[in-house]
Amino acid sequence: MNECPHVPALPHPEPQPRSDTCPECLAVGSHPVQLRKCLVCGHVGCCDSSPYQHTTRHFEETGHPVMRSFEEGEDWRWCFVDQLIVG
């Protein structure tokens, strides 16, 4: 895994998830695929395999750079700015 300058700037402790699923998907009647959690604010959204790609939209709207998989048993993080899986 790689480091990026955005990881050290993340809040500690990690923010609590704001929801247990993608609220934007629920609002439009869609089924979220593979959830992701923003490591800046705790927003939970669907991945890019979902029709609406709400996690990417969250990054585009907020600039929050790093998210973590919100799937059980997965612990990887992705930096949207650096386009890297980060440690």
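Put simply, the side chain of Arg57 gets close to the backbone of Tyr52: a donor and an acceptor are under 3.5 Å apart.
You'll find the side chain of Arg36 reaches within 4.5 Å of the side chain of Ser69, heavy atoms only. With contacts defined as side-chain heavy-atom distances shorter than 4.5 Å, the pair Gln83/Trp78 qualifies. Side chains of Gln53 and Cys46 form no contact here, defined as non-hydrogen atoms less than 4.5 Å apart. Cys4 is not listed as a side-chain neighbour of Val81, based on a closest heavy-atom distance of 4.5 Å or more. The side-chain heavy atoms of Val66 and Val86, taken from C-beta on, include a pair separated by under 4.5 Å. Side-chain contact between Thr56 and Phe80: present, with at least one pair of heavy atoms (C-beta onward) separated by less than 4.5 Å.
Considering all non-hydrogen atoms of both residues, Gly45 and His54 come closest at CA-CB, 4.4 Å. For the pair His58 and Cys41, the tightest heavy-atom approach, listed with the atom from each and the gap, is NE2-SG, 3.4 Å. When all heavy atoms of Pro5 and Pro8 are compared, the pair lying nearest together is O-CD, 3.5 Å. Across Leu10 and His12, no two heavy atoms sit closer than the pair O-CD2, 3.2 Å. Closest non-hydrogen pair, Cys22 versus Leu35, comes out as N-CD2, 3.7 Å.
The structure places SG of Cys79 at 11.5 Å from CD1 of Ile85, a figure rounded to the nearest 0.5 Å.
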**Steps toward side chain to side chain contact (heavy atoms under 4.5 Å, CB included) verdict (Glu14, Leu39)** = CA-CA 6 Å; Glu14 190 174 292; Leu39 293 182; 3.3 Å; yes

**Request:** Determine, step by step, whether Val44 and Asp20 satisfy the side chain to side chain contact (heavy atoms under 4.5 Å, CB included) criterion, reporting the C-alpha distance in whole Å, the side-chain angles of both residues, the deciding distance to 0.1 Å, and the verdict.
**Result:** CA-CA 7 Å; Val44 175; Asp20 59 355; over 6 Å; no

**Request:** Step by step, work out the side chain to side chain contact (heavy atoms under 4.5 Å, CB included) result for Ser50 and Gln34.
**Result:** CA-CA 8 Å; Ser50 291; Gln34 297 291 315; over 6 Å; no

**Item:** Residues Asp48, Thr55; criterion side chain to side chain contact (heavy atoms under 4.5 Å, CB included); working and verdict
**Value:** CA-CA 7 Å; Asp48 285 356; Thr55 297; 5.8 Å; no

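Checking His43 against Glu24 by side-chain atom types alone, a donor-acceptor pair falls below 3.5 Å.
At most 12 heavy atoms of other shown residues, nucleotides or ligands fall within 6.0 angstrom of atom CD in Gln16.
Residues Leu84 and Val7 fall within the same hydrophobic cluster, defined by Ile, Leu, Val, Met, Phe, Trp and Tyr side chains chained together at heavy-atom separations under 4.5 Å.
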